[in-house]
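Below is one structure, written out as structure tokens; comments come after it.
Nothing here was measured: the structure is a model prediction, and the numbers come from that model. Residue numbers start from 1 in every chain, and the chains themselves are labelled A, B, ... in the order their sequence lines are given, proteins ahead of strands.
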Amino acid sequence: MEEQYDPKKIEPGWQNEWATSNRFAANETPDAEKYYLLEMFPYPSGKIHIGHVRNYTIGDVVARYKRMMGFNVLHPMGWDAFGLPAENAAIANNTHPARWTRENVEAMKKQLKRLGFSYDWDRELSTCTPEYYRWEQWLFTRMFAKKMAYQKESHVNWCDSCHTVLANEQVENGACWRCGKQVRQKKLKQWFFKITDYAEDLLSWCEKIPGWPEKVTTMQKNWIGKSVGAQIRFPIEGSTRVITVFTTRPDTLYGATFMCLAPEHPLVRSLSKGTDQEEAISEFTERMTHENRSDRSMINFEKEGVFTGAFAVNPMNGRRMPIYTANFALMEYGTGAVMSVPAHDQRDFEFAKKYELPIIPVIRPDGVSIENVALTEAYTGDGEMINSGPFCGLENRRAAGEMVEYFEKNKIGKKTISYRLRDWGISRQRYWGAPIPMIFCDKCGPVPVPDEDLPVLLPEDVDLPVGGGSPLPNLEEFVKTTCPACGLPARRETDTMDTFVESSWYFERYCSPGCDTAMFEKKAVDYWMPVDQYIGGVEHAVLHLLYSRYFTRVLHDLGLVEFKEPFTRLLTQGMVCKETTYCPEHGFLFPEEARSRSEKQYCTKCGHEVVVGRVEKMSKSKKNVIDPNALIDAYGADTVRLFCLFAAPPERDLEWSEQGVEGCFRFLNRIWRIAGLWMPLIKNVVPYDGQADALLVEERRLYVKTHQTIQKVTADIEQRFHFNTAISSVMELVNMMTATDAKKAGDLTCRVMRRAMDTVILLLSPMVPHVAEELWTRMGNGRETISKIAWPSFRDDCLAEDAWLVVVQVNGKLRGRFEINRDADDDAIKNRAMSETNVARFIGDTPIKKVICIKKKLVNIVL
RNA sequence: GCCUGGGUGGCGGAACAGGUAGACGCAAGGGACUUAAAAUCCCUCGGCCCAUAGUGGCUGUACGAGUUCGAUUCUCGUCCCAGGCACCA
């Protein structure tokens, strides 16, 4: 095997081999233990980016490893194919979203195949096909029947640039998650999924999915935002009506001195009617509706409010509490009304200072008197109740409980739990999505499309409006229909579903992707689900992952699946980053636009010195991207895969380094060379498999190292997916092999060498499958694919080296080291330690207090 | 402000259960081979100190304390960085 390592020559052949033999097709085999490995499917943007490569490489290693471990592995891939970019691209390129999407899928599939991922392509699915969204529509009608899908008019997040509404989760810092434009409030009638019904269940199960990173479950918990408190009813002076507030601090009720209502609160206008505040209120609420929500939620937003002219009565002490409307009160949370306790809430405190409202402390910190001290900020801690009638003197937390009991007895209020989570708004005023299968009839109201009329096909013969927005409302033949209930003319819903709906059940669809009688075959889902290992970016922590958990519960309660949690284990891989280069004149530069000269870099356009900026997430705008295709051309898929795994552990950010890639390429070359060098000697030799003791020193070292490496690599993959350290240990083994002289090798050495060589190839095969297959075959193992070979196992009796290296400390400081036979006892080790010259020097005449001896490791002599 | 991570050589990163800090790789420097270069191979590589150059000494894992025979690892406090949430009553 004199030829050089040339990935171009070997990779396509193996990819072809895997494809034609349908090697990675998965079947339900009840007696085999299943393993469902899933990576988040991509949006077909047209090109695989390096983040995908990393994500899918990690997944592929696990899939291939689990197969070698004997699992029946399901490893599918598909396309999250509905979505806005297709519409924008279609307008820009004068094509159709369907065509644009189809072409992108083809291009990306080709790229994925070039990377050698072991997918079961028979299960490929695309969410924009009627075969897929038909069942989503079917589910929608079932959810409608259960009132799990409902319509309501409300203030929604509207993105002007995307011409559509967004769910709360899809607004980041007041901006659209997709395009980054500021979102504004708009009143619209929309379809919602009642995710709030599952708030408690979703929250409590966060504790029951230990295979998820704590970071993600914490983010979900925060998003759900459970608060335990009470609802309290306040009578309105001179009225029979009451205002109900939600508070987490019922213990502070005696300190409530005023009240704030959200500007949208229905009582605001009616209370002010006829008072001299009417005009001011009207002006204020009008202004607030124009104020966009993102501005209103800015931290430095000035607290502002207007007196309504009315008063509420504190049910405990009869205090008159002026009712305000305030910009910080949110209609969507709690009851839209707040009892304000300025002494114990910082926000209320600031408001009270501004409008000169009374501040009455009702809790004092232990042993501190605050009654007659002017407060500079609210006291939010615990303490002893004061100014609180019969509750004075109690510890405030206890008082809270007793007061809630009192409320319930006297019908003043009750214990209540509030969640931050809102229902999931799924209507999108866009074309390229799954039509919502509803019909509006003047007589019957909203009527679901009957099963036999599903799917409601998305019409393909349309012209997209150039300014954006959906063509569907103007498409007569789509809109006009008849009511399935009464047969009279009716109108079709023209909104489409949020694309996060498709991705909330695709993992179930993979189990039986061709099923045309149901969403999925129950038998297949029962076998494969839940997903054993899910891998993807952390950016979906509260979007896709929360929606998917919710959907699984819906399916569970419809009796369609047996489980509640779709993903048993979750790995969120870090971003791929690269250093940026910036020219003061030309902005960010591509690497090839900077020339280096004497340690510094200069812009090729203007000669300015270039600022080598910080390492940042790869993005087109920063010009620090790299193209996977070009990399594969230069180094081959195996090198690209290897680098993605070697440069950092998967959950951490990965810093891209061209030189690092080069290093990985060199490593594969080195293996190729050693294999070539030893091939004539070991090709027809039986790998050594006996005891280590029967070998000579050098052979034994290599043999033991081989077994140690198997142990280490197995543990690294099994326990933590730390492929970087797994690869390091294989490198160590290879280094030892390099040091073995082929010219002096006897029969036994060759057999040990063959064992080492086989081990290296097998251990690396999930990571660099092409070169592994090639070497495996060339070693004379036939053209049997390597993934059918079992993962190597190690012998416990071959892990121990002949001698232990023991280090000696005196008073905890390292003073010497020696090797000693592995069956030496403690006394022998201690004696040997004391006799070390350098050690003896430090002991001198000082009496020894204590000697600590850790077998195989160290001796510490304490003076 | 709150919640999660994280801070180790010139760089990416190791150290599994409190026991040799810096595995493995990159970069750098030196050498071998070569007419030369590339490739390859070998050596050195945290900092400082020493007439003894060693199996040498001191110091070193953001900073300051503590527990321990021994701390990158455990505890407390401080600083910095990244991500998430943020007027949620």
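- The CG-P distance, from A/Asn811 to B/rG70, rounds to 8 Å in whole Å.
- A/Asn222 contributes no side-chain N or O that forms a donor-acceptor pair with the base of B/rC85 under 3.5 Å.
- Atom CG of A/Asp653 and atom P of B/rG83 are 9 Å apart (whole Å).
- Applying the 3.5 Å distance criterion, the base of B/rA89 shares a donor-acceptor pair with the side chain of A/Arg347.
- The aromatic rings of A/Tyr635 and A/Phe665 sit perpendicular to each other, their planes meeting at more than 60°, with 30° as the lower class boundary.
- Under 4.0 angstrom from either OP1 or OP2 of B/rC69 there lies at least one side-chain N or O belonging to A/Lys850.
- On a pure distance criterion of 3.5 Å, a polar donor-acceptor pair joins the side chain of A/Lys303 and the base of B/rC87.
- At the heavy-atom level, A/Pro213 lies nowhere under 4.0 Å from the strands shown.
- Rounded to whole Å, the distance from NZ on A/Lys813 to P on B/rG19 is 20 Å.
- Nucleic acid contact class of A/Phe646 (heavy atoms, under 4.0 Å, all strands): base.
- Contact check, A/Arg815 against B/rG57: a side-chain N or O comes under 4.0 Å of OP1 or OP2.
- Anti is the conformation of B/rG57, whose glycosidic angle sits further than 90° from 0.
- When the side-chain nitrogen and oxygen atoms of A/Asn860 are compared with OP1 and OP2 of B/rU20, none of them lie within a distance under 4.0 Å.
- Ring orientation note: the planes of A/His544 and A/His540 are nearly perpendicular, at an angle over 60° on the 30°/60° scale.
- Ion pairing between a basic and an acidic side chain is recognised when a charged N comes within 4.0 Å of a carboxylate O; A/Lys705 and A/Glu732 show such pairing.
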